[in-house]
Every structure is written in C-alpha cells, then in structure tokens.
Asker: 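I'd like to ask you about the structure that follows.
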Amino acid sequence: MAQRILSGVQSSGRLHLGNYYGAIREFVRLQDEGEALYFIANYHALTSVRDAALARRLTFETAVAFLALGLDPARATLFRQSDVPEIGELYWVLGTVVPLSNLHRAHSFKDKVNNKGIEDPEFGLFAYPVLMAADILLYDSDVVPVGRDQRQHLEFARDWATKFNMRYVPGYDPQEPERVPGVFKLPSVRTRDETAVVPGRDGQKMSKSYGNTVDLFAPEREVEKQIKSVKTDSTPPDQPKPTENQPLYQLLKLVLPEPAFADADRAWRTGGDPKTNGYGYFKGLLFEGYRQAFGTARARYDELLQDPAEVERTLASGAQRARAFAAPVIRRVRDAVGL
Ligand code: ADP
Ligand code: TRP
C-alpha cells in the first residue's frame with residue numbers, strides 16, 4: 001500500500017523562504033511518493049492570531065500559497081484543519097494519556113513563552129503538542145516531514161500513541177508493533193538535514209516571530225528591501241569572504257540554481273574586482289535568483305487570490321477526503337476506550 005504522508009503549516013503569518021526550503025518544497029516533492037495529505041493548521045494558528053478576519057484571510061492565503069508553490073490537488077489532499085471535526089474528539093481522548101511532565105519540557109512552548117515574554121501563557125499554547133499529535137494519528141500517517149524544530153513534537157506523538165496502544169490493546173508489544181496491531185500507527189519523522197534550518201536576515205533561524213524573514217509573496221519592492229538588509233560583515237569588496245555564519249552565502253546557496261551558485265561561490269571566495277564582488281553585488285544576485293525561483297509561483301498566487309471560489313472547492317473536496325481517512329481511526333478509538 002502507498003505510504004501515507006502528512007504534514008501541516010500554521011496559518012499564522014506570511015510564508016517565507018524558511019517555510020519553503022524547510023517544509024513546502026519537500027511536501028511538493030513527496031506528493032509523487034505516496035498518498036499525501038497536507039493541511040492548514042488554522043486551529044493551531046488561533047494560539048497567536050486573535051482577530052477573526054485576519055485568521056480567515058491567513059488561512060486562505062496559506063492555501064493559495066500551497067497551490068501556487070506546486071501542490072497539485074489531483075495528486076495530494078489539501079484541507080483546512082478545522083474542516084475535520086473529528087480532530088477535536090481525538091485531541092480530548094489522547095489528552096487522557098499525555099503525561100503533564102512531557103508538556104512541561106516541550107521546547108516550542110518554552111521558546112514561545114520566553115521569546116515573547118508571555119507572563120500568563122494559555123492552556124491552548126501549552127496543549128499545542130497534543131493537538132499536533134492528534135493531527136498526525138488521526139490519519140494513520142506513515143511519514144511526517146517537518147523541520148528540525150518540530151522533531152520533539154513528533155517524538156511525543158510516537159510516545160503517546162505507544163502509551164495509548166499499550167493501555168487499550170491487549171497483547172500490544174511496542175517492540176513488535178506488527179504482531180498485534182495498535183489502535184494508532186506509529187509515524188516516522190523525516191527531516192532534511194542539509195536545509196534543516198534556513199537562516200534569517202540576521203543569521204538566526206528565519207522565523208516570522210524574529211522579524212528576520214525574506215517573504216515568498218510580499219510585494220517585490222519589500223522583498224528587495226528585505227534582501228538588502230541581510231547581515232554581512234566588514235570584509236572589503238576585493239577580499240575573499242568567509243563562508244561560515246554568513247546568512248547571505250547560505251541563502252545564495254539555497255536560492256540560486258547550481259551553475260549560477262558555482263559562479264557566485266567562486267567570486268565570493270576569491271575577492272578580486274571590488275565593483276563586482278562586494279556584498280551589494282551578491283545581494284543583487286540573491287534578489288535576481290529569488291525572482292527567477294519564485295516568479296511563476298508569484299504569478300500563480302496573484303491569479304488564485306482572484307479566484308476564491310476555486311480555492312474553496314479544492315479545500316472542500318480535500319476535507320471530504322481527509323474525513324474519509326479519519327473515519328476508521330476514530331471508530332477504532334471510540335471502540336477501544338468505550339465511547
Ligand atoms: P515561523 O518560525 O516563521 O513561525 P512556522 O513555525 O510556522 O514558522 O513553520 C512552518 C514550517 O516551516 C515548519 O515545518 C517549520 O519547520 C518550517 N520552518 C520554519 N522556519 C524555518 C527555517 N528557518 N528553516 C527551516 N524550516 C523552517
Ligand atoms: N506545529 C507545526 C508547525 O508549527 C504545524 C503542524 C500542526 C503540524 N500539526 C501538524 C506539522 C502535524 C506536521 C504534522 O510548523
């Protein structure tokens with residue numbers, strides 16, 4: 001049977017190069033390798049988006065971005081998390097096997113609370129990994145491609161699925177899960193290491209919460225400005241430039257096609273002509289590379305924004321398919337716990 005691949009992206013802001021190279025590019029490739037399901041995590045987004053109109057708009061824009069970047073609804077299922085009501089039920093039931101101590105050591109929760117200086121964090125943010133585990137387990141996923149920052153969440157999902165199976169399935173053996181099948185299938189994690197963390201303009205991980213992004217679909221002028229503000233050091237234009245801890249270098253490597261990057265790399269390492277080898281020149285190359293890489297996607301994005309009915313149809317049929325995948329799982333769960 002084809003592998004079932006599942007992943008989600010929160011609709012909590014504009015998408016950026018980190019989301020593309022760290023996640024979406026891989027999703028698009030994987031749609032040819034198995035039965036792929038991708039969803040817009042709009043319940044998760046409610047932990048940070050507190051305005052209904054904005055939440056709705058970002059959900060729509062995230063769907064449009066997926067489609068513009070190459071997700072093909074004929075091959076993969078694209079849906080909104082909130083269109084599958086079964087998720088709420090699984091979230092609750094799963095919560096009855098989740099040790100609080102696990103949630104207390106969740107990196108993402110600690111990071112978010114510390115970075116934003118939240119004094120009295122809400123339950124929704126604390127329980128976020130439980131909802132994410134429910135997302136994964138509800139569709140019998142085999143493979144869950146995510147960025148490195150999400151690995152711990154995946155490990156939680158596997159641990160809680162195992163706990164649940166051990167509690168409710170007589171004879172379930174976590175060493176030999178094939179012998180007596182569990183209620184939940186254990187998914188495997190898949191991260192791509194070479195691009196696991198895309199650096200932002202300041203060299204930290206690119207993230208909308210650090211305000212250091214290069215956006216995928218912002219107006220070109222704005223993207224150009226973002227690229228111009230990528231942090232560089234004070235190496236003079238005619239000197240060889242260091243390649244370590246240089247977000248500009250790393251971004252060039254991701255965005256430029258192989259032969260163009262080979263030329264840029266040579267110029268970067270040799271120094272030489274001060275007119276062509278200063279950081280300004282390389283920023284120009286990056287902007288050009290960005291336009292080449294995302295020109296078609298940007299045009300498609302603008303087109304789809306004008307056709308919300310078409311996007312809505314795609315999401316509705318995606319939700320129907322997703323619910324069909326969820327139905328047998330939720331039946332097993334209800335049966336196992338006595339509902
Ligand atoms: P942000 O950090 O901007 O809030 P999200 O947490 O919404 O981004 O991430 C959405 C997806 O994109 C996740 O799968 C995440 O792993 C991936 N991702 C986000 N930023 C990066 C990055 N800088 N490098 C690699 N992957 C990233
Ligand atoms: N937490 C993920 C992120 O911030 C989004 C997400 C929610 C997800 N549910 C998921 C990813 C299930 C993979 C599988 O990027």
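Numbering of ligands and ligand atoms starts at 1, following listing order. Because the structure is predicted, anything quoted here is derived from the model rather than measured. The basis for the numbers below is simple: all heavy atoms, side chains too, and nothing from hydrogens, waters or symmetry mates.
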Asker: Check for me whether Lys241 meets the cation-pi criterion with Tyr279, that is, NZ or CZ under 6.0 Å from the six-membered ring centre and within 45 degrees of the ring axis.
Answerer: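 Positive - Lys241 is close enough to the ring of Tyr279 and near enough to its axis.
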Asker: Within ligand 1, which atoms have a heavy atom of Gly22 less than 4.0 Å away?
Answerer: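 Within the 4.0 Å cut-off of Gly22, ligand 1 contributes 25 (C), 26 (N).
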Asker: So which heavy atom in the protein is nearest atom 4 (O) of ligand 2, and how far is it from that ligand atom?
Answerer: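 Scanning the protein heavy atoms, the shortest distance from atom 4 (O) of ligand 2 goes to Tyr128 OH, 3.1 Å.
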Asker: Distance check, rounded to the nearest 0.5 Å: Leu248 atom CG versus Leu286 atom CG?
Answerer: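 Nearest 0.5 Å value for the CG-CG distance: 6.0 Å.
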Asker: Distance under 4.0 Å to a non-hydrogen atom of Val146: what atoms of ligand 2 satisfy this?
Answerer: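 Within the 4.0 Å cut-off of Val146, ligand 2 contributes 13 (C).
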Asker: Using a 3.5 Å cut-off on N or O atoms only, is Ser207 in polar contact with ligand 1?
Answerer: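 In this structure, Ser207 places an N or O atom under 3.5 Å from an N or O of ligand 1.
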Asker: Purely on distance, is any nitrogen or oxygen of His153 under 3.5 Å from one on ligand 2?
Answerer: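 No; the residue has no nitrogen or oxygen that sits under 3.5 Å from a nitrogen or oxygen of the ligand.
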Asker: For Asn245, does the CG atom sit with more than 12 other heavy atoms under 6.0 Å from it, leaving out its own atoms?
Answerer: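 Result for CG/Asn245: open.
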Asker: Does Lys112 have more than 12 heavy atoms from other residues, nucleotides or ligands lying within 6.0 Å of its NZ?
Answerer: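 Enclosed.
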Asker: Numbering the atoms of ligand 1 from 1, which are under 4.0 Å from a heavy atom of Lys205?
Answerer: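 Every atom of ligand 1 under 4.0 Å from some heavy atom of Lys205: 2 (O), 20 (N), 21 (C), 22 (C), 23 (N).
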Asker: Go through ligand 1 atom by atom and flag the ones less than 4.0 Å from a non-hydrogen atom of Val197.
Answerer: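 Within the 4.0 Å cut-off of Val197, ligand 1 contributes 24 (N), 25 (C).
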Asker: What do we get for Asp149 next to ligand 1 when only non-hydrogen atoms under 4.0 Å count, side chain, backbone, both or neither?
Answerer: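 Asp149 to ligand 1: side-chain contact only, backbone stays beyond 4.0 Å.
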Asker: I want to confirm something. Looking only at heavy atoms, which of Gln150, Gln10, Gln81 is nearest to atom 15 (O) of ligand 2?
Answerer: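 It is Gln150 whose heavy atom sits nearest to atom 15 (O) of ligand 2.
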Asker: Applying the side chain to side chain donor-acceptor pair (under 3.5 Å) test to Lys185, which of Asp140, Asn165, Asp142 qualifies?
Answerer: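 Among the candidates, only Asp142 passes.
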Asker: Looking only at protein heavy atoms, identify the closest one to atom 9 (N) of ligand 2 and say how far it is in Å.
Answerer: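 Result: Asp135 OD2, 2.7 Å.
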Asker: Between Ala23 and ligand 1, which part of the residue brings a heavy atom under 4.0 Å of the ligand: side chain, backbone, both or neither?
Answerer: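 The answer is the side chain.
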Asker: Nearest non-hydrogen contact with atom 7 (O) of ligand 1 belongs to which option: Gln10, Lys208, Gln150, Glu26?
Answerer: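 Result: the heavy atom closest to atom 7 (O) of ligand 1 is in Lys208.
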Asker: Under 4.0 Å from a heavy atom of Ser7: which atoms of ligand 2 are those, numbered in the order shown and with their elements?
Answerer: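 What qualifies from ligand 2 is 11 (C), 13 (C).
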Asker: Mind checking whether Leu186 and Thr162 have side chains closer than 4.5 Å, heavy atoms only?
Answerer: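 In contact.
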Asker: More than 12 heavy atoms of other residues, nucleotides or ligands under 6.0 Å from NZ of Lys228: is that the case?
Answerer: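 No, NZ of Lys228 has 12 or fewer neighbouring heavy atoms, counting only those of other groups under 6.0 Å.
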Asker: Which atoms of ligand 1 are found less than 4.0 Å from any heavy atom of Met206?
Answerer: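 Numbered from 1, ligand 1 contributes 20 (N), 21 (C), 22 (C), 23 (N).
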Asker: Tell me if the CZ atom of Arg50 is crowded by more than 12 foreign heavy atoms within 6.0 Å.
Answerer: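 Check passes, neighbour count above 12.
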Asker: From Asp83 CG over to Asn42 CG, what is the distance, rounded to the nearest 0.5 angstrom?
Answerer: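 Between Asp83 CG and Asn42 CG, I get 7.5 Å after rounding to 0.5 Å.
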